[in-house]
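One structure is given here, and the rest of the page talks about it.
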Amino acid sequence: MTNLEKYNAAFISSFQLSETQLPTLTYQSVQSWDSVGHMGLMAVLEDSFDIMLDTDDIIDFSSYEKGKEILKKYNVVI
Amino acid sequence: MKIIDAFWEKRNLGVSCTEIMIEKDDHVSCVDKISSTLEASDYLVVKVPIGRFDINESLTQNGFVFVEGSINFHLNVKDAILSPLQQRLNNVVTYSEMTESDLIQLFNEIEAGMFKTDRILLDSCFTEKQAATRYVNWIKDEIGKAAQVYKIVYKEDSIGFFAFKKVGDDVYYPFLAGLYEKFANSGLGFATLRKPIEESIKRGGRMISTYVSTNNHPVLRAHTQQGFSINELQYVFVKHTK
C-alpha cells in the first residue's frame with residue numbers, strides 16, 4: 001500500500017466518504033469531521049504511519065491538503 | 001403544566017416571553033388554554049416531554065413551530081471517558097477562572113457569533129445581535145448568582161470557555177461552553193466538556209447535568225463520546241404572536 005493509499009484510507013474509514021470527495025475536504029465540511037471525528041482521524045493516521053503527532057500539528061490539521069504538508073515533517077511523503 | 005413569565009427576555013430580546021412546560025400527564029386540551037390565554041405574550045416557548053405526539057400535533061395545528069429537541073445529559077464523573085489521543089492533548093490544556101478582561105474577550109467572541117445552532121439565532125424573527133445579547137446577559141446574571149466562568153487555555157492562547165454552577169449536593173451544571181472562532185476547527189472541542197468534569201471532581205462532585213440542543217450535532221457526539229447518557233428529552237416549540 002502506498003502512502004497516498006494509506007492516507008486516503010484513513011479519511012475514507014474515519015468519515016465514510018468516497019475518494020472523489022477527498023481533495024477539497026476541510027474540517028467541518030462534512031458532518032463527520034467534527035471534534036470527535038478529528039481525533040479518530042488523527043489516531044488512524046498515527047497508527048497507519050507509526051508516528052506520534054505533535055499537539056500543534058493535531059490542531060493545525062484543518063484539511064486533506066494541509067495534512068499532506070504536516071505529514072512531511074514526520075518524513076511521510078504523500 | 002407550568003407557566004413561567006420569562007420577563008428577562010424583554011431585556012434580552014425586546015419581546016415579552018412566556019415559557020410553558022408541559023408535564024407528562026397533562027391533557028391535550030392544555031394547548032387550547034395556552035393559545036387562548038397567553039397570546040398576549042409576544043413570544044411563546046413550549047417544552048413538551050417525549051412521547052406526547054397528541055400535544056405536538058395540537059401545537060402545530062395552533063401555529064407553533066418545532067425548533068429543537070433539548071436533551072438533558074447526565075454523567076457520573078467516574079464514568080468520564082477520553083481517548084488516549086484526547087488525553088495527550090488534554091494534558092497540555094489548562095483552565096482558570098476568568099478575569100474582567102477575559103470576560104470582555106468572551107463577550108466579544110459571543111457578539112461575533114460564537115453560538116451558531118442557538119434557537120434564537122436560527123429564528124428569522126430575531127437578529128444575531130439579539131441572540132448574542134441574550135447570551136451575554138445570561139452569563140452576567142449567572143455570575144451575579146454565584147456561577148463561575150472559566151477560560152480554557154492551550155499554551156498561551158485562550159481557546160474557549162465554560163460557565164458552571166452547582167445545582168445539587170454533588171451535582172454540577174456546565175450551562176454554557178464553547179470554543180473561540182480561531183480554534184473552532186482545532187479538534188479541541190472535547191476540552192469544553194472535559195474541563196468542567198475536572199472542576200466538578202476537584203470540588204467533590206459526583207454528577208454532571210447539562211443540556212444540549214439537537215440542532216448541535218457535533219456537541220451531541222462529543223457528549224456521548226465522553227460517556228454522557230441521555231436523562232431526559234423534550235421537544236421545543238415556539239410561536240411569535242405579533
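This structure is a prediction, so every number in the text was calculated from the model and none was measured. Just so it is clear: chains get the letters A, B, ... in the order the sequence lines come, proteins before strands, and each one is counted from 1. Below, all heavy atoms of this structure are taken into account, side chains as well, without hydrogens, waters or symmetry copies.
A:Ser35 and B:Gly189 get closest at one heavy-atom pair: OG-N, 3.7 Å.
Applying the 6.0 Å contact sphere to CD of B:Glu181 captures no more than 12 heavy atoms from other residues, nucleotides or ligands. No more than 12 heavy-atom neighbours from other residues, nucleotides or ligands sit within 6.0 angstrom of NZ on B:Lys182. No more than 12 heavy-atom neighbours from other residues, nucleotides or ligands sit within 6.0 angstrom of OH on B:Tyr211. Annotation: B:Gln87, atom CD; neighbour count of heavy atoms from other residues, nucleotides and ligands within 6.0 Å is above 12. By the neighbour-count criterion of 12 heavy atoms within 6.0 Å, atom CD of A:Glu19 is sparsely surrounded, having that number or fewer from other residues, nucleotides or ligands.
Between atom CD1 of residue B:Ile159 and atom CD1 of residue A:Ile59 there is a gap of 7.0 Å, rounded to the nearest 0.5 Å. In this structure, CG on B:Asn185 lies 4.5 Å from CD on A:Gln28, to the nearest 0.5 angstrom. A:Thr55 contributes atom OG1, which lies 10.5 Å from atom CG of B:Asn91 (distance to the nearest 0.5 angstrom).
Among B:Lys155, B:Gln225, B:Arg221, B:Gln86, the residue with the largest count of heavy-atom pairs under 4.5 Å with chain A is B:Arg221.
Using a 4.5 Å cut-off on side-chain heavy atoms (C-beta onward), A:Met52 and B:Arg88 make contact.
Both the backbone and the side chain of A:Asp56 come within less than 4.5 Å of a heavy atom of chain B.
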